[in-house]
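Inspection log for the structure reproduced underneath, given as structure tokens.
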2 protein chains.
Amino acid sequence: MQKGATLKDVARLAGVSVATVSRVINGHANVSPRTKAAVERAIVKLNYSPNTIARSLVTGRTGIISLIIVQEDPIVPSTWSYELPLVQSIHDYLKAQDWEIQIAMCSYREFQEPGFLHRYLTRNTVDGVLIMAAWMVERHVVSELKTRQLPYVVLGSHDPDYESICIEYDNEGAIRALVQHLRDAGHQVFGHIGGPTHQLHMNQRLQGFLSALEEFGLPTWQRLTKFGDSNVETGYRVMQEFLAGEPRPTAVVCGNDDIAAGAMNAITEKGLRIPEDIAVVGFDDTVVSQVVTPKLTTVRMPLNKAGVLAAQLLMDELSQPNRERKRIVLPCEIVIRASSLS
Amino acid sequence: MQKGATLKDVARLAGVSVATVSRVINGHANVSPRTKAAVERAIVKLNYSPNTIARSLVTGRTGIISLIIVQEDPIVPSTWSYELPLVQSIHDYLKAQDWEIQIAMCSYREFQEPGFLHRYLTRNTVDGVLIMAAWMVERHVVSELKTRQLPYVVLGSHDPDYESICIEYDNEGAIRALVQHLRDAGHQVFGHIGGPTHQLHMNQRLQGFLSALEEFGLPTWQRLTKFGDSNVETGYRVMQEFLAGEPRPTAVVCGNDDIAAGAMNAITEKGLRIPEDIAVVGFDDTVVSQVVTPKLTTVRMPLNKAGVLAAQLLMDELSQPNRERKRIVLPCEIVIRASSLS
DNA sequence: GATCATAATGAAAGCGTTTTCAGTTCAAGA
DNA sequence: TCTTGAACTGAAAACGCTTTCATTATGATC
């Protein structure tokens, strides 16, 4: 905590009142060039810088945005691969506008707890909130924010009533594109290894998978639609199950790249070839998709765009609150690589 | 920004002075049970919660720790794989002690800029600083922090004079262990594909590589000691160069897992086998090391431990400043997998 | 019953700003 | 010379809390 000079010190040195100094600092009109210069000299001389706290006390604003990162419980390292790009782009955008960022990480269980957000916001005086979550944002959370009249944006999910400004990815569309791509290559028997379906995006991917099959008139099999944790082990284990029974899928759509990598291990281990015997596709376009053999067809989410957009919308809301609520669904790009090329 | 009741409101309702209410809230002694109960009733009734800003203004403390994340420029996604575990463990530790965390990300160039930290700390009133960096922390940064008497800890590097409390990893020791492991398997001709040597840990890995070779009486070759960016492409490209000339290495030590994955690609592509023809080892134990074929021998850094330790040391420094400065070097664990087993 | 320590309380100063309101200065117009 | 209004400036009141210091109530001790 710096101590340094105060307004009063500057005022004394410049031979003016604190009010005038304040005016100079905040660039208000009606200060004569002479006094302005004198004050600025004094500021430099004393190496003065305003006390943010005192300023906040009177203005009622802190210049701080709270970034709440809601996570799986226990934490799944693979989610980091898209969390940090988001944090990064949000950070850069907000910094450029002179906002400070305070982060809070919590499990989705904590976040759903009735008192959590309340306690957090009571302890922390922020001007806006950005919620990064893969879970539905519960009603009481929304109402807590609304009653505080605190501008906020939800990134990665939404609330039950679509009352919040939120940004999501078109998971269903992406999966549909993957299925179409695989069908065009002649595949008929599809398997799906998903992540935890309590995560909104994993659920969307599952739904997208099922409805795409239906749309294209392809059969679905209960035993080829499985879920687990979002990791290599799940992919490996479930793929082994797939391979042990009938029908055997010729194309497997996975909830993320790690799962897909696990599935590939199981396939290769069995002496089968990818994609000749079985095609595999992942999701997220992490580095994993580029180092497995063969390289993995996957989906690239517009993370940077999403982060910046979230920050932008929050800024908009901050400057003119209570405008029309909106939901934005960002399209994703499918990246076709060897694992699905026939 | 919540408005809500103030101390004065509570005092009025409870029929006491604000001083007494303050005492109750802060758990000071010398408040009779009767008045204490009355005050607490009033607090509940008004749903009062203290204004953090006002409190900070008078106490001079904010309860906020600044976490400065210094990054490669431009940003290298693979570094995220160890940044977020660190952030996570630091966050969890500090939260448990009721601290809030403000993050600032910047490139190492920005961070080295004379005015950067100054401007940052002037704008932001924090109680302590945690610097996560892979670059030497310059003297003027240290002196800025020292003159402000701001407790701080450096995680991942140090300053030229070892004046700061800092935590590092035993990169050299880890590389030495890898080289020993490979030598024991009979390898004689070693190659190294490192990351940017301006990064402290990459430089330490290089130095560790060279001194281990020397220690074990193994020859070094200029043309087999290369660097590049910390990514798959570098590994691929440099390995191709290695394979195109003489002598050809039988063991390649890489600066991180991504580089190693690239090297493996180049080797396999050439029709050579891993580890029979060439052994490859990486660093960081990311998910990449588990999905390449064969699985990659690598080094696991004690990230969680490092994060918690950093937070702990900062707390120590906060409670009793100016104790003996210390430098902690954490040992790393080598994880032996198929890519190096003969 | 007088004395004295101790516990309990309140008044008020202060933390470093912003902002309102009133006052002063000064040039221009009458 | 007198008015008038605009431009400039300062005094003082907030903002919501903590903390010191003085004061009063409460027992305990002689």
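In what follows, chains carry the letters A, B, and so on, assigned in the order in which the sequence lines appear, proteins first and then strands, with residues in each chain numbered from 1.
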Candidate nucleotides dT19(D), dT17(C), dC17(D), ranked by approach to the side chain of A54(B) - the nearest: dC17(D)

Along DNA chain C (nearest heavy atom to each residue), the more 5'-positioned of V58(A) and G15(B):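 In this pair, the answer is G15(B).
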
Restricting to side chain to side chain contact (heavy atoms under 4.5 Å, CB included), what partner residues turn up for P33(B), sequence neighbours left out?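 For P33(B), no residue satisfies side chain to side chain contact (heavy atoms under 4.5 Å, CB included) once neighbours in sequence are set aside.
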
Using the side chain to side chain contact (heavy atoms under 4.5 Å, CB included) criterion, which residues pair with P114(A)? Sequence neighbours excluded.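 Scan of P114(A) (side chain to side chain contact (heavy atoms under 4.5 Å, CB included), adjacent residues dropped) gives none.
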
I53(B) has an atom CD1; how far is it from atom P of dT18(C), in whole Å? 14 Å

DNA chain C contacts among residues 17-26 of chain B, heavy-atom distance under 4.0 Å: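 S17(B), A19(B), T20(B), R23(B), in order of number.
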
Which ones in residues 31-48 of chain B lie close to DNA chain C, meaning a heavy atom under 4.0 Å from one of its atoms? V31(B), S32(B), T35(B)

Would you give the length of the straight line joining atom [atom1] of [X] to atom [atom2] of [Y], rounded to the nearest 0.5 angstrom?
| X | Y | atom1 | atom2 | value |
| --- | --- | --- | --- | --- |
| T79(B) | L84(A) | OG1 | CG | 8.0 Å |
| I131(A) | F111(A) | CD1 | CZ | 4.0 Å |
| Q102(B) | S66(A) | CD | OG | 11.0 Å |

Side-chain donor or acceptor of [X] paired with backbone N/O of [Y] under 3.5 Å:
| X | Y | result |
| --- | --- | --- |
| S164(B) | C166(B) | no |
| S89(B) | P85(B) | yes |
| H158(B) | E168(B) | no |

Salt bridge (charged side-chain N to carboxylate O under 4.0 Å, His left out) pairs, two or more places apart, involving [range]:
| range | value |
| --- | --- |
| residues 35-57 of chain A | none |
| residues 95-121 of chain A | D73(A)-R109(A), K95(A)-E100(A), E100(A)-R123(B), E113(A)-R119(A) |
| residues 9-22 of chain B | D9(B)-R12(B) |

Using a cut-off of under 3.5 Å, enumerate the N/O to N/O pairs linking the protein to nucleotides 4-7 of chain C.
none

The side-chain hydrogen bond (donor to acceptor under 3.5 Å, both in side chains) partners of E144(B) (sequence neighbours excluded) come to H118(B), R148(B)

Which residues share a side-chain hydrogen bond (donor to acceptor under 3.5 Å, both in side chains) with D161(B), sequence neighbours left out: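 side-chain hydrogen bond (donor to acceptor under 3.5 Å, both in side chains) list for D161(B), sorted by chain: R139(B).
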
For the helix from dG1(C)-dC30(D) to dA30(C)-dT1(D), measure the angle between the helix axis at one end and the axis at the other, each built from five pairs, rounding to 10°.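 Answer rounded to 10°: the end axes differ by 60°.
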
When you compare the side chain of M136(A) with that of Y108(A), does any pair of heavy atoms fall below 4.5 Å? no

Every protein N/O lying under 3.5 Å from an N/O of nucleotides 25-28 of chain C:
none

